Every structure is written in C-alpha cells, then in structure tokens.
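Below is one structure, written out as structure tokens; comments come after it.
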Amino acid sequence: MTNSFGEFGQAKMFFVIGSNMTEAHPVAATFVKNAVEKGASLIVADPRRHKLAAFADIHLGLAVGSDIALLNGLMHVLIKEELYDKSFVENHTEDFQKLRTLVEKYPPERAGAISGIEPELIVETARRLARVKPVMICYTLGITEHTCGRNNVVSVANLQMLLGNMGVACGGVNPLRGQNNVQGACDMGALPNVYPGYQAVTDPKAREKFQAFWGVDSLPQEIGLMIPEMMEGLEEKKVRAFYIFGENLANTEPDIAKVEKELAAAEFLICQDIFFNETTRFADVVFPAAAWSENDGTFTNSERRVSRVRTASLPPGEARPNWWIFREIARRFGQEWEFASAREIWDNEISVLAPNLGGIKYGRIEGDGLQWPCPSTDHPGTGFLHNGGAFARGKGQFLPVDWTPPAEVPDADYPFVLSTGRRLYHYHTRTQTGRCEGLNDLLSEETADISPRDAARMSIADGEYIRVSSRRGKVTVRARVTEEVPEGLVWMAFHFRENNANWLANPAFDPVTLTAEYKACAVNIEKQVCECQGN
Amino acid sequence: MPFLSINTHRTFFEPGQTILEICDALSIRIPTLCHLKGTSASGVCGVCLVAEKERGMIRACDAAAREGMDIRTDGFDVRAARKKAIEALVATGNHNCGVSGGMTSGFTDFQMDAGRMESSFDLCPVWGDCRLQDLVYEYQAQAGGFDTAWKKEVPDVGNPMIVRDFSRCIGCGRCVKACNEIQVNRAIDMDKSWGRDVATTVKGSSLTDSDCVFCGECIQACPVGALVDKKAKNLWRPWEVEKVRTTCPYCGVGCQQELHVKDGKIVKVAGVEDAAPNKGRLCVKGRFGYDFIYSDERIKMPVIRENGEFREVSWEQALDYTADRLKQIIKASGPDAVAGVSCARSINEDSYQMQKLFRAVFKTNNIDHCART
Ligand code: SF4
Ligand code: SF4
Ligand code: SF4
C-alpha cells in the first residue's frame, strides 16, 4: 500500500476494485464503512455484489476479468472531458501521450460492451472520481489473480496518476495483502530476483555487499525460478530437491491433479510445517516448526508496518523456530551463523542490509510498529509514499495497457465462469482455522455460490448438491443461491479439500508475475441426480 | 480558542468537544459505563456526572463544552451522585458476584442450579474483570435486596462464540455502538420489549440468524458479564493472566492483539485499544482463531520417510540426512537443482534465514513464496 489504514477514517472517497474486504480484510473494511457513515463516497467494482457493495454509491458489477476495459474506459472519459489532473500529469508523470492514444480506443460504449457496464454509468463514475480529491483506491487479489494481473495493477496506477491522487494522504494505490506477512516475505527477499530490501541479485554491487556481509566467496548471479516454474521443474527433473516451508501447495495451487503429479515427481521433498497436510503426504522429511506465538519475531502488514510478534506458549514436543532449523542446515554445510534469536537477526542483519528498514530496531517497536521506508533510527517511519508526487524514478510513468480476456472463457461445454477466493470464517486450506473451536461451526463446508436466475433455470435449490466441472476436474458441492452472484458466475473458495475450487481452477499464469488465474476459468454445473456425495 | 475551567484550571478546548473528551485529554478519569470511545454519546448510564457551577450535575459524555463553564470532577456531591447512578444499574440485574448487596435469599437456588447447564444462576463469569464491579467497589455502592425479574431470562448460547446473558445486561448500549458504529455490521440493537433496555438482534432471536459476523467487538465493549467469550469462559481470572501484545497471524491488516496467557497458554484474545493499525478492533479469525496451536495433531517430532512410511527421528538424524541428500544433489546436478518456497505467514526473520540458506549456502536464487496470492 502506498498509504495507511489510519487514513481510511479521514478519506473522502474510495474506489474499491477486486476486493471483498469485509471477508478478506474485515478490520480494514470497518474503517471504510466508518468513513462512509461520516459521508465519504464509495465506488465498488466487483463482479459480485458483496457486503461492501451495500455501502456503495455505485456498484459496478463488471464481468470477471474485464477490469482493464473498465479502467481504460474511465480514463477515456477523464481525458476526453478534460477532468484529469493536468498539473499533476504535467509535473509528475511521463508518457501521457501514450496513455491518451491507447485509451482513445476505449470509449464508454466499447468499455461497456466488454465489461457489461452501462456506458452512462462509466461516464458517471469517471465524473464522480474527478469531482472528489483525493480518492483512495484499494484492491486485492481480484486485480492480481489474472493472466493480465500485472497489467491490471499498472492500469490502477495509471488511473490514480491521471487523477493526481498519488503522494497525498487519503489517496494512493492500496493493495491489501492477502496473507499476514506477504509484504514481509517480499521485503526479506524470499523472491528469486532480489535480496532483502529489493536489491537485485543481478546487480554486481548488491551481490558484493551481501557476499561480504554473509562472509561467503560467491553468490549466484542468475535470477532463480518462481513457484510455477519450480513445480514444472520437478516433473522435468530439473529441480530434484524441493524445500516447502509452511505452504500447503497441494491445495492452494490451481489444478490440484497436476500439482500432485508434480509433487509426487519430486526426488527429495522437504516440508517444514506445524501440521501434516495434503502436501506433506509427498515429503521425504518433515521438520516440526514452531507456530505463531511460539517464538518472537516480526510481521510486516500491508501498510509496510513492521510489528512485533511475541512468544506466548512453548512449541509442542521437539518443534523448533524456523530460523533455528535453517541455521542448523547451514551449519551442516560448514557455515556457522552468528545470530541466535529473531531479535538478533533483525537488529544485526536485516535492518543493516535493507536500507529502507535501517531505522527499525526491536527497541523501537515495542508498542506500535514502524512503517518503512524508515532509513535511520531517528526517522518516524513513512505513512504514505511518493510525498508530493516524488516517485522513486523521478516521474511516474504511464504504462498504457490493452485489455485481454482470461485464458479460458465460457463456451458451449463449460458455459459458466468460475471465480474463487476466501470466505470470512476460514483461512486458506483450514490447516489452522479448521482446528479452532467454533470456526467450523460457523462454516462447515464449501458451497458453490450461484445466482437465483441460474438456480431457477436449472431448478437447483439452495443447499442442494450440484456438480461443478472444468477441463481439469470435478467436485460435488452444495449450491448456495445468492443475490451476491450475477448470472453466469459460479463462486467458490479453497478452504475444504474435497470440493476445493483448485480442483477446477486454471493453471494459466500472468507472463510476468506468474500469478495464476484463480479468478477466472470456465466450468459447467449440473444438478446431482442422487443425494450421494462423491464423484 | 475558547476556554473553560476544570477543577479550577483554565483549559482551552475545540468547539464541539465534550467535557468527557476534554478530561480524557487531560488524563482526568471520569467513570462511565455506557460511553464507547469513537462513538456517539448516549448518556444512558448516568455515571459520568460532574458538577458545573451554574447547572449543577451534568453528564460529561454528552455535555458540549461552552465558554466559561466551571467544572468540578470530584467532591462529596459528585461522588454521591455517581454512587446513586451505579446503585440503580446494579439493581437492574443478576449481579451475583456479591455487588447486588447479598445473595442470602437466592443462595440455595443458586447452589442447586450451579451444576446445571448454562444458567444465569452461575457465578458471573467476569468476576474481577467487570467495570460495574470495579465502580461498585470504588464508590462503595449498595444496591440493597435484588430484583428477581431477570430470573426469567435464559442465556442465549445458540452460537459457537458468544454467551449472551441478559440477566446481567445493564442496558448501556455499548455493544450496539460497537456493532453499528465501530464494526458497522448492524446485527444488534437495543430493545425495550424486555421491560427495560437490553441489547438484542435486529433480525431473529439468535445471533446465527442475524447479520452477525462474530467479530466479537460487542464482547470487548460490554462492561459487565452480559456478553462473554464462550471459548474463554471460566478459564481465567484477571490476576492469573499475563497480557502479551502480538500481531494477528491471518490477513495483511496486521491487527494488534492482546493475548491473555495463563500458565503458558492463550485463554482469550482481545484487540489492543488505541493501537495502530486496528484501534482495538479484531475480526472473527483474529479474536477466535488462536487455539489451532494447541491441537493434538501438531507435528511434534521430525520424521523421515522409510519404505513409504514416516518414522520419527531426532533432530540430529533429520538434519544430517537432509543435509547429506542436498549435498549429493547439488554435487551431481548443481545448486539450481534445489528450489524452495518460503512462508508468507511466518515471521520476517524466518524468510530472511531461508533465502540466506538458499543463496549463501546452497548458492541458488531458486527461492520464492506465494507473493502474488
Ligand atoms: S459479534 Fe460483531 S457482528 Fe456480532 S453482534 Fe457482536 S459486534 Fe455485532
Ligand atoms: S449486553 Fe453488555 S454492552 Fe450490551 S447493553 Fe447490555 S451491558 Fe451493555
Ligand atoms: S483480526 Fe482479522 S482483520 Fe485483523 S489481521 Fe487478523 S484476520 Fe486480518
């Protein structure tokens, strides 16, 4: 996020796109609702009329995967009617002409035809966005989990630069991160192309710096593999040893049948986890890890705030902190790592190596955490980025992008769109929430959410078992008939193994980020003739 | 800026501020049972009384500051007026921690019922963690013999998370403010049909049939034992727990939690008031999703696969075996034959160590995590 949760309460207007905040980021949603109650405007763009839409002035129920068409349509209107922020564009951006030329091709009629939204409503939305300043844009995985995910992200940034809503409080581009520490894992360089603090592995200077600090004589120069490439490498035997720390890939990745084949092909699979799960079935060795609240450490939230995690209980049996396990393996390769607690690792290594984290030390984050960039120990941290329109590269660059359809679209055999996500009462594959008293009572099984019109047409009753199938698999699941879902859409989550949406999802990836298209594939639904559950 | 006088001190204020807000900023404590910070004042408990020179006793929570006011926040008269308000509240319900002024008449009944199912006759589960009880003690309030109308009220336990025992509801409305003005879920409202104000659901009688999303904000707001965390009920006393501040392990909001830890075990979770980013709020997962760590199914020993089965081994064996296999593979096929996925749920220090292991030890950049999901 370029901005902070603390600003939500004062914001004048929100544009929330591809984010079911009330379920996926419930507390963030409370701040949006508070602002709306105080008079802020809210525009929600989402194929589903989810709970937050009830608070919106406008709900744009766009077709799954049509975000870029909608955003380009909005920008078309803003430019044509000269409603954009001319001074911001002039002083703080470049390549405006390129953007103008591209969005020229997206008049409201065309954007509307692609997205299924009335052209008049696109015009009205654009005008409203231009009327209030600043507008805060929030998005989540509805933007990124597409084959055009990276382009979606770029389009959102284009819109905010055009509106001049960057570098100010209560504005900005605000992706709410899915998992508690995705931000942190990125910051720590658990990525194939960067060291901690986003220093490129291909930059010889960065390499030298880390080489010297870590006291090693060499570091690899080539950018490494991303998860989908690793998985494919398993079958091709290019990847022989695979080390999975805390992920249940067998349930979380699209096309479970394919994923399991790949995991089974692994020659040596190491799992490090707190529970045996669908993925550990393929492991050769499993390390028992300490869980949340069983060791000290830090998490970094979506607003770049580094907060403390503290020990409340001891890990069971022989389970050990993860940092300890990695250190022990390093020792067996002849490297003695000096530091032996999370605090020492943070204070003496991470914050020393990553310039943006330089001023964050455990001693400073006893209470509220600090938001990076925080370069020195007297720096108060940074609530919002690009203050006054100052971008890291000097000027913000418009990167105009064309709309592309999802990799798999409905056809005669698979006439419905399947879109997937999370529900309120569970988290991911339920390895944790499924073991918390009460949460299973609140949500005990998966459903396929369908529209009342489709249900009526196919005479499917609420709660009835139906079969949902795609080119990759099929599941039997209860139908949940709800007005939230538009005609032609099936919506499912991935919390339960048997009827996990990932049996169906399409392993098609964004060519740049390799993020899978969890949000769109083609499925068929059928009424089950017998009550029996099973295939 | 306009000013007024509080306890003879000249104090400036912003137009629109209430006396309670001004005192709060000055760290002058004024007791209140109904006011919930950040929400509109309702003035129903009548405890936050202060003396104003011209107007006499006024409620601090909804009295707007005016130029020239002369406020006194303590004194015999102030204490007596507050005491009376507290006594009136105690008399409305089943405050069987003793503050009601004696259990004599009901004690046999109480004993008989104590062993039965969920019952209003059980000793109040928030004994020692109750704002009403604290004030009764501080003001030495006496409610006299107690009213028995509440006996008819059966606690609502028809949901997995919240015990709602309206025999102890003082009608303060804080839960309703928490639900409607803080979390904006609009699941509950005040209801007069009980003969007095109590909190109820907007639709249907059970929370599970309402718009409730079990965020538990109402539990955190309730000053008495009317709304109680079912999972934590009767497990802890305030002086037995250590409060540990930590960060929620679920989504990217990063809410600050106050773990209540007894004998090395989390017994309850609350939001840290006034903390960034969540300002005391939590959602259902943050508040109730903590006990997975105590599951019997936790992995407790390293295991190695042998003839298709897992065998428990020592750390030495597991680590030696792993290092040997990795060395063989790296020797035969080069470091890029090794790949790893880090965990986006675990602490920063773990991800740092894992990428360091891959880069500095194995010599590969094949390290990733589900950064994009
Ligand atoms: S748990 Fe949350 S949603 Fe339910 S009644 Fe309480 S405050 Fe409202
Ligand atoms: S349930 Fe608790 S918070 Fe709600 S009105 Fe009654 S006493 Fe007040
Ligand atoms: S309490 Fe809920 S909203 Fe807050 S971090 Fe945890 S999961 Fe996210």
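To find a chain, count down the sequence lines: A is the first, B the second, and so on, and within it residues start at 1. Computed from a predicted model, the values in this text were never measured in an experiment.
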With only heavy atoms counted, which part of [X] is less than 4.5 Å from chain B, the side chain, the backbone, both or neither?
| X | answer |
| --- | --- |
| A/Val194 | backbone |
| A/Asp510 | neither |
| A/Arg331 | neither |
| A/Phe282 | backbone |
| A/Ser218 | both |
| A/Gln335 | side chain |
| A/Lys51 | side chain |
| A/Ile274 | both |
| A/Ala283 | both |
| A/Arg305 | side chain |
| A/Lys238 | backbone |
| A/Ile325 | both |
| A/Glu222 | backbone |
| A/Trp292 | both |

Can [X] be said to sit on top of [Y]'s aromatic six-ring, NZ or CZ under 6.0 Å from centre and within 45° of the ring axis?
| X | Y | answer |
| --- | --- | --- |
| B/Lys268 | B/Trp236 | no |
| B/Lys356 | A/Phe326 | no |
| B/Lys285 | A/Tyr425 | no |

Using non-hydrogen atoms and a 4.5 Å limit, figure out which bit of [X] sits close to chain A: side chain, backbone, both or neither.
| X | answer |
| --- | --- |
| B/Gln317 | neither |
| B/Gln256 | side chain |
| B/Lys231 | side chain |
| B/Asp336 | backbone |
| B/Asn159 | neither |
| B/Val303 | both |
| B/Met354 | both |
| B/Ser333 | both |

Give the member of B/Leu326, B/Leu259, B/Asp274, B/Val261 that has the highest number of heavy-atom pairs under 4.5 Å with chain A.
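Of the options given, most contacts go to B/Leu326.
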Is the closest basic N to carboxylate O distance between [X] and [Y] below 4.0 Å?
| X | Y | result |
| --- | --- | --- |
| A/Glu267 | A/Lys237 | no |
| B/Arg174 | B/Glu217 | no |
| B/Asp291 | A/Arg435 | no |
| B/Arg186 | B/Glu181 | no |
| B/Glu258 | B/Arg245 | no |
| A/Glu328 | A/Arg332 | yes |

Using atom types as modelled and distance alone, determine if a side-chain donor or acceptor of A/Ser302 lies under 3.5 Å from a backbone N or O of B/Gly252.
yes
Relative to the ring of B/Trp315, is the ring of A/Trp324 parallel (under 30°), tilted (30 to 60°) or perpendicular (over 60°)?
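Correct class here is perpendicular.
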Just say parallel, tilted or perpendicular for the rings of B/Phe292 and B/Tyr250, cut-offs at 30° and 60°.
perpendicular
About how many Å separate SG of B/Cys343 and CG of A/Asp273, when rounded to the nearest 0.5 Å?
7.5 Å
Scan side-chain atoms only and decide if B/Arg345 and A/Gln179 contain a donor-acceptor pair under the 3.5 Å cut-off.
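No donor-acceptor contact under 3.5 Å links the two side chains.
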